[in-house]
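Remember, predicted model here, so these are calculated numbers, not experimental data. Position 1 is the first residue of the sequence; numbering continues from there.
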Amino acid sequence: MIKVSHLTKSYGTTKAVDDISFTMQPGHIYGLLGPNGAGKTTTMNMMTGYLGTSSGTVTIDGYDIFKDQKNAKKRIGYLPEVPPLYLEMTVLEYLVFVIELKGIPRKEREEELKRVVKTASLEDMENRLIRNLSKGYRQRVGFAAAIVGNPKFIILDEPTVGLDPRQLNEFRQQLEEMKKDHIILLSSHILSEVNEVCDYIFIISQGKLILSEKTSELSRRFESRRHLNIQGIGDGEAARMALLDIPVISEVKVIQEAGKKEANLEVEFVGNQDIRPRVSELLMELHFAIVEMKEEGQSLEDVFLQLTDNFELKKCKEVDEE
C-alpha cells in the first residue's frame, strides 16, 4: 500500500503542493490529472524521493521514502516525462547499465534483461542506438528501465507521449496485465486515455487535491448530466428564465452581445428523457426562433474543466475577500 499524508511543498510563500493526502492499493491503476502548473510532477517527484517535502510523509509498504530510502526506493519504478537516457548507448547497453545500477544479482541479470525487453516490446530494437530511436521507442526504453527489478509501485509521467495508435494499444494491454501485481500511478493530459485505463482518478488544481474517486463512479455521477446547445434569434435572457421553469433543467447560460438578436443558450439538464420537444414549444411561445439545437452528454473533459474552473474561481474569490 502507498500512503501519502499531508504532503506539502512550498517555494517561499507559494505552495506548489498543498496538504495532499490519499492512499493507493495493489491491483489498481490511478490517474493523476490537473492543469499545467497544478502540482502533478512536484507530487510525483516527492513520492519518489527525488524532491524533498516542506511537510508530510510518503510511505511505500510501510517504509518512509525519506527516512528509509533504500527499502522504499527499491519498491519504486519511475518514468519521467522525459526519460533520462544515454543516447550514445544501444538499447541493450542502457538496460544492462540500469540493471547493474539497481543491484540486480548477477545470476538474475540475463533473465531480467529478457523480461523487461519483452514487456516493453523492444525485441527488434535491442541493438539500435537510442539516439536513432523515435520518441515513442525512447518512451519504451524509459518504461523498460522503470520496471527493472519488478518494483511494486510504478509511476508514469505522460507515458504515452509519442506513441502511435498501435503502440498505445499495446501499452494499455501491458498496464492492464501489470496492475494485477502492482500499484500504477499514471499522469496524463490525454483525458480519454485516463478514462480508458485508470480505475481511480485524482484531480489536482493549484496544489490541492480536489477529487479522488473511482472512474466508474465518476462516470455514473456525471453521465446523467446532459447538455443542449441552442443557437437562435430572440431575447436570450427571457428564454433563460422560461427554460429554468422546466424541472429537469438545472442551469442555462446565455451568450448574447448587447444589441444583437443572435443568442446562444447552453442548457444543462438531468435524466434520460428527450426534452427537445418541450424546449422547442416553450421557445416558440416566446417567439425565440431556433436556428440549431444540438444535444450532447458530459465527457470526462467537461467534468475536468468544470471541477478545476470552479475550484480556481472559488480560490480567486477567497483571495479577493482577504
Side-chain angles (χ1 to χ4, degrees), residues 18 31 33-40 188-195 201-322:
D18 189 359
L33 301 176
N36 289 331
K40 302 186 302 297
S188 177
H189 283 91
I190 306 174
L191 303 190
S192 58
E193 181 68 20
V194 171
N195 193 42
I201 290 178
F202 300 135
I203 296 182
I204 294 178
S205 183
Q206 296 188 3
K208 283 279 193 182
L209 182 65
I210 62 173
L211 182 135
S212 173
E213 193 162 351
K214 281 186 177 181
T215 309
S216 58
E217 292 179 358
L218 184 64
S219 299
R220 280 196 297 270
R221 181 149 64 95
F222 286 95
E223 67 183 358
S224 63
R225 295 189 184 182
R226 298 156 64 192
H227 292 83
L228 277 180
N229 290 323
I230 304 170
Q231 294 180 15
I233 299 173
D235 187 336
E237 183 59 26
R240 185 185 77 84
M241 296 300 294
L243 288 174
L244 286 173
D245 286 335
I246 298 177
V248 295
I249 292 179
S250 56
E251 184 178 4
V252 180
K253 293 181 180 178
V254 179
I255 301 174
Q256 185 172 29
E257 295 182 16
K260 298 287 185 179
K261 294 183 178 180
E262 296 81 6
N264 188 68
L265 308 177
E266 297 178 359
V267 182
E268 181 178 302
F269 65 103
V270 296
N272 297 317
Q273 69 270 49
D274 186 355
I275 67 169
R276 290 174 297 178
R278 176 71 182 109
V279 168
S280 298
E281 180 183 357
L282 190 150
L283 292 180
M284 286 178 62
E285 292 174 0
L286 294 173
H287 304 290
F288 185 94
I290 298 173
V291 176
E292 182 181 24
M293 183 187 300
K294 183 168 60 175
E295 181 180 345
E296 57 187 29
Q298 190 168 35
S299 66
L300 181 60
E301 284 85 353
D302 297 324
V303 175
F304 173 80
L305 291 172
Q306 180 181 327
L307 288 171
T308 54
D309 288 349
N310 287 346
F311 180 77
E312 290 174 6
L313 180 61
K314 179 182 176 183
K315 292 288 286 186
C316 288
K317 288 182 178 178
E318 289 175 354
V319 171
D320 291 340
E321 288 172 359
E322 291 176 0

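Contact annotation: the side chain of V254 approaches that of L265 to within less than 4.5 Å [non-hydrogen atoms, C-beta and beyond]. By the 4.5 Å heavy-atom criterion applied to side chains, Q206 and D18 are not counted as neighbours.
The distance from the CZ atom of R278 to the CD1 atom of I249 is 9.0 Å, given to the nearest 0.5 Å. M293 CE to N229 CG: the interatomic distance, rounded to the nearest 0.5 Å, is 10.5 Å. Of the inter-residue distances, the one linking R276 atom CZ with I230 atom CD1 reads 10.5 Å to the nearest 0.5 angstrom. Taken from CD1 in I255 to CD in E262, the straight-line distance is 13.5 Å, to the nearest 0.5 Å. Note that the CD atom of E292 and the CD atom of Q231 stand 5.0 Å from one another [nearest 0.5 Å].
Within a 6.0 Å sphere centred on CD of E285, heavy atoms belonging to other residues, nucleotides or ligands number more than 12.
In this structure, G232 and F288 approach most closely via the heavy-atom pair CA-CE2, 3.7 Å. The two residues E295 and F269 make their nearest non-hydrogen contact at OE2-CZ, 3.8 Å. Smallest separation of non-hydrogen atoms from P35 and K40: O-NZ, 3.3 Å. Heavy-atom minimum distance, L33 versus I201: CD1-CG2, 3.9 Å.
The backbone N or O of E266 sits nowhere less than 3.5 Å from a side-chain atom of K253 that would complete a donor-acceptor pair.
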Name each donor-acceptor pair under 3.5 Å that joins a side chain in residues 234-246 to protein atoms two or more places apart or in another chain, with its distance.
from: D235; atom 1: OD1; to: E237; atom 2: N; distance (Å): 3.1
from: D235; atom 1: OD1; to: A238; atom 2: N; distance (Å): 3.1
from: E237; atom 1: OE1; to: R240; atom 2: NE; distance (Å): 3.3
from: E237; atom 1: OE2; to: R240; atom 2: NE; distance (Å): 3.2
from: E237; atom 1: OE2; to: R240; atom 2: NH2; distance (Å): 2.9

